[in-house]
Amino acid sequence: FAPSPTGSLHVGGARTALFNYLFARHNGGAFILRIEDTDRARFVEGSVKDHTEGLKWLGLDWDEGPDIGGDFAPYFQSQRLSLYHAAAAKLVARGNAYYCYCSPERLDSMRKDQMARKLPTGYDRACRSLTRDDCARHEAAGVKPVVRFKVPDEGRTGFTDAIYGDIVFENRSIDDFVMLKSDGFPTYHLANVVDDHAMQISHVIRAEEWLSSTPRHLLMYQAFGFEPPLYAHVPDVLGSDRRKLSKRHGDVALAMYREKGYLPETMFNFLSLLGWSLDDKTDLMTRSQVIDAFSLDRVSRTGGIFNVEKLDWMNGVYIRGLSLDDFTSRALPFLEQTLEPKPDPDYLKRVMPLVQERAKKLTEVPVLARFFFVEALDYDPKLLVAKNMTVESTLHALEVSARRLMSIPAFDEPSLESLLRPLAEELGLKAGQLFSVLRTAVTGEVATPPLFQTMVVLGQDRCLKRIGEAINNLRQTA
RNA sequence: GCCCCCAUCGUCUAGUGGCCUAGGACAUCGGCCUUUCAAGCCGGCAACAUGGAUUCGAAUUCCAUUGGGGGCACCA
């Protein structure tokens, strides 16, 4: 996986990294991380860290990379410039590349002219025929040249992509692209080819957007006399408008999903299925199951829309599958973001089972469990009045319940059950009506975990206090 | 404009000539369960872009059309 540190790791990149990881692990190969930091203008501080942390979060551990080294270190391209310079010089010496002194302005107007005349755009190869004297004159004038690859005018270049199959390009449709920039840094094309060869890369699994520049890379391998790797281009991850997923589609940064409370195992599973499938029925898979089953020939050729609804469902499944301790420790950071002071561990342990089966994301935990932790409830007293009830009958139900609850022999589920059900009947209410009144009084919410369990966790004192407050609130509105 | 790629339910997909009156999952809509919510269970709706060709037979092969995507930088 060879990201460019120009921003944060987004889900499309994470998916590409994942496929590389899966392919390597499935085949007993090495998963290699290389930082392609050859664009000084777009370099973003912190980007490398964001990428490595994202990959680690997903559990994609690499065998060689910038932090851990490896047989072919360094893994930052910015630290390998001499390799690229030597390679470029070699191609110039062999007549496969040449210096170009064209100014950006000339290139720009050339391109505009081509567009206007509805011609294919591309470098017009003006500097191909420069003599030694021409070059010397430009150098003397202080022009820093780029090095362009001399693409053959005839013939075609093709390859067999592991996912897309046979692909062929006419060489004449490829222009003499820049290999080495005037600032001395290589372009992607040069650096990628030089390093893939130097690092003995066997398989390149990269985004579909590279498909059309693959012939350039192949042509370079030919010129160098290197054996090219096998290529597999994976289809794009799309936004809801079927365009490549980008910032305007909402959350694209992998880190955002972590912050929103998605589990790494959810993301691993979900991303695996974005463009790859095992069969016609399997969607929930563990890491090792995916590794065992993964193969490139089951990767699809069509771009897939990132379906957040399914992600949410899957995250709920994974959350429910967590042990209580695991769930608690993962939810804790999210609770502590909104809760002051930090929740008591024993109390927490009794609350968590009640929210675990209801949360689809960890960020929902503090919301779902709020009333367990705050002192004062804040809700519209009208919500206390259950269906087909009046303020009066609600008040009455609350008052009687408070009295009985005060003298209940034990504040546990069976006792509450045997007290409250008959009480409803006694009051001429349906059980659901009384429970609804008490639920709102005790939690301030209309949808909560089961009432008796909730009350037991809250405790007798707090329940009675809240029922008392409910009575006061309701009286004031009456 | 030029080059390349793609095309099955709203979404992710299964399907590589007969097993397809096209299967699964998410979403959605009913129902069951139930003190609310959630979960669970049962069921419904819902797709082979279009036109030709090949074949006894095509979602599956071929060609065109249409539509979509990507590329065409001294960015990756």
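Numbered from 1 within each chain, the chains take letters A, B, ... in sequence-line order. What you see is a predicted model, and the numbers here were worked out from it, not measured in a lab.
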- Given B/C74, B/A27, B/U35, the nucleotide with the shortest approach to the side chain of A/Glu309: B/A27
- Item | Closest listed nucleotide, where the reference is the side chain of A/Trp210 and the choices are B/U35, B/C6, B/A76 | B/A76
- Does B/U36 have a Watson-Crick or wobble mate here (both distances under 3.5 Å), and if so which one? none
- Message: Counting the atoms with a prime plus P, OP1 and OP2 as sugar-phosphate, which does A/Lys360 contact under 4.0 Å by heavy atoms, base, sugar-phosphate, or nothing?
- Response: sugar-phosphate
- Message: In whole Å, I'd like the distance from the CZ atom of A/Phe185 to the P atom of B/C75.
- Response: 11 Å
- For B/U66 versus B/G31, give the span between their P atoms, rounded off to a whole number of Å. 48 Å
- Task: Return the value, rounded to whole Å, for the distance between atom CG of A/Leu271 and atom C1' of B/C12.
- Result: 13 Å
- Query: Looking only at side-chain N and O atoms, does A/Lys310 come under 4.0 Å of OP1 or OP2 in B/U13?
  - Reply: no
- Message: Under 4.0 Å, counting only non-hydrogen atoms across every strand here, what does A/Arg117 touch: a base, just sugar-phosphate, or nothing?
- Response: nothing
- Note on the structure: side chain to side chain donor-acceptor pair (under 3.5 Å) pairs touching residues 79-92 of chain A, sequence neighbours excluded, are A/Arg80-A/Asp195, A/Tyr84-A/Asp195
- Message: Taking any heavy-atom pair under 4.0 Å as a contact, classify A/Glu357: base, sugar-phosphate, or nothing.
- Response: base
- Message: Do A/Lys112 and A/Asp108 make a side-chain contact, defined as non-hydrogen atoms from C-beta onward lying under 4.5 Å apart?
- Response: yes
- Can you find a side chain N or O atom of A/Thr187 that sits less than 4.0 Å from OP1 or OP2 on B/C75? no
- Query: Which part of the nucleic acid, if any, lies within reach of A/Ser277 when heavy atoms closer than 4.0 Å are counted: base, sugar-phosphate only, or nothing?
  - Reply: sugar-phosphate
- Item | Rounded interatomic separation in angstrom, taking NZ from A/Lys281 and C1' from B/C26 | 18 Å
- Counterpart residues, side-chain contact (heavy atoms from CB on, under 4.5 Å), relative to A/Asp113 (two or more places apart): A/Arg117
- Message: Between B/C72 and A/Thr121, counting only base atoms on the nucleotide and side-chain atoms on the residue, is there a donor-acceptor pair under 3.5 Å?
- Response: yes
- Task: Mind checking the CG-CG spacing from A/Leu384 to A/Leu395? Nearest 0.5 Å is all I need.
- Result: 8.5 Å
- Message: If I take atom CZ in residue A/Arg106 and atom P in nucleotide B/C74, what distance separates them, rounded to the nearest angstrom?
- Response: 12 Å
- Taking the C1' atom of each, how far is B/A76 from B/A14, in whole Å? 35 Å
- Are any of A/Arg301's side-chain N or O atoms less than 4.0 Å away from OP1 or OP2 of B/U16? no
- Task: Would you name the heavy atoms of A/Met389 and A/Ala397 that are closest together and state the gap between them?
- Result: CE-CB, 4.4 Å
- Query: Are any of A/Arg206's side-chain N or O atoms less than 4.0 Å away from OP1 or OP2 of B/A76?
  - Reply: no
- Message: Quick check on B/A73: is either OP1 or OP2 less than 4.0 Å from any side-chain nitrogen or oxygen of A/Arg111?
- Response: yes
- Message: Any base atoms under 4.0 Å from A/Asp236, or only sugar-phosphate, or nothing? Heavy atoms, all strands.
- Response: sugar-phosphate
- Classify the nucleic acid contact of A/Asn307 as base, sugar-phosphate or nothing, counting any heavy atom under 4.0 Å across all strands shown. base
- Task: Would you classify A/Pro450 as touching base, sugar-phosphate or nothing, given that sugar-phosphate means primed atoms plus P, OP1 and OP2, and contacts are heavy atoms under 4.0 Å?
- Result: base
- CG of A/Asp108 versus P of B/C72: gap in Å, rounded? 15 Å
- Message: Whole angstroms only, please: what is the CZ-C1' distance between A/Phe169 and B/C4?
- Response: 4 Å
- Message: Suppose we define a pair by two distances each less than 3.5 Å, Watson-Crick or G-U wobble; what does B/G18 pair with here?
- Response: B/C56
- Task: Test for a donor-acceptor pair under 3.5 Å between the base of B/C74 and the side chain of A/Ser182, counting only N and O atoms.
- Result: yes
- Any donor-acceptor pair under 3.5 Å linking the side chain of A/Thr328 with the backbone of A/Leu324? yes
- For nucleotides B/G67 and B/A49, find the distance between their C1' atoms and express it as a whole number of Å. 7 Å
- What distance, rounded to whole Å, do you find between the two P atoms, one in B/U16 and one in B/U35? 49 Å
- Message: Heavy-atom nearest nucleotide on RNA chain B for A/Lys118 versus A/Trp276: which residue maps closer to 5'?
- Response: A/Lys118
- Which base, if any, makes a Watson-Crick or G-U wobble pair with B/A25, both distances under 3.5 Å? B/U11
- Message: Both A/Met115 and A/Gly432 contact RNA chain B. Taking the nearest nucleotide for each, which residue is further toward the 5' end?
- Response: A/Met115
- Task: Searching all strands shown, indicate the nucleotide that pairs with B/G1 (Watson-Crick or G-U wobble; both distances under 3.5 Å).
- Result: B/C72
- Query: Any side-chain heavy atom of A/Val194 sitting closer than 4.5 Å to one from A/Pro186?
  - Reply: no
- Could you state the atom-to-atom distance from CG of A/Asp124 to C1' of B/A73 in whole Å? 15 Å
- A/Met179 CE to B/A76 P, in whole Å, measures 13 Å
- Gap in Å between the two C1' atoms, one belonging to B/G70 and one to B/C9, rounded: 26 Å
- Message: Please confirm whether the shortest side-chain N or O distance from A/Arg42 to OP1 or OP2 of B/A76 is below 4.0 Å.
- Response: no
- Query: Just wondering, do A/Thr214 and A/Arg206 contact through their side chains at under 4.5 Å, heavy atoms?
  - Reply: yes
- Message: From the set B/C5, B/G40, B/G70, return the single nucleotide nearest to any side-chain atom of A/Leu211.
- Response: B/C5
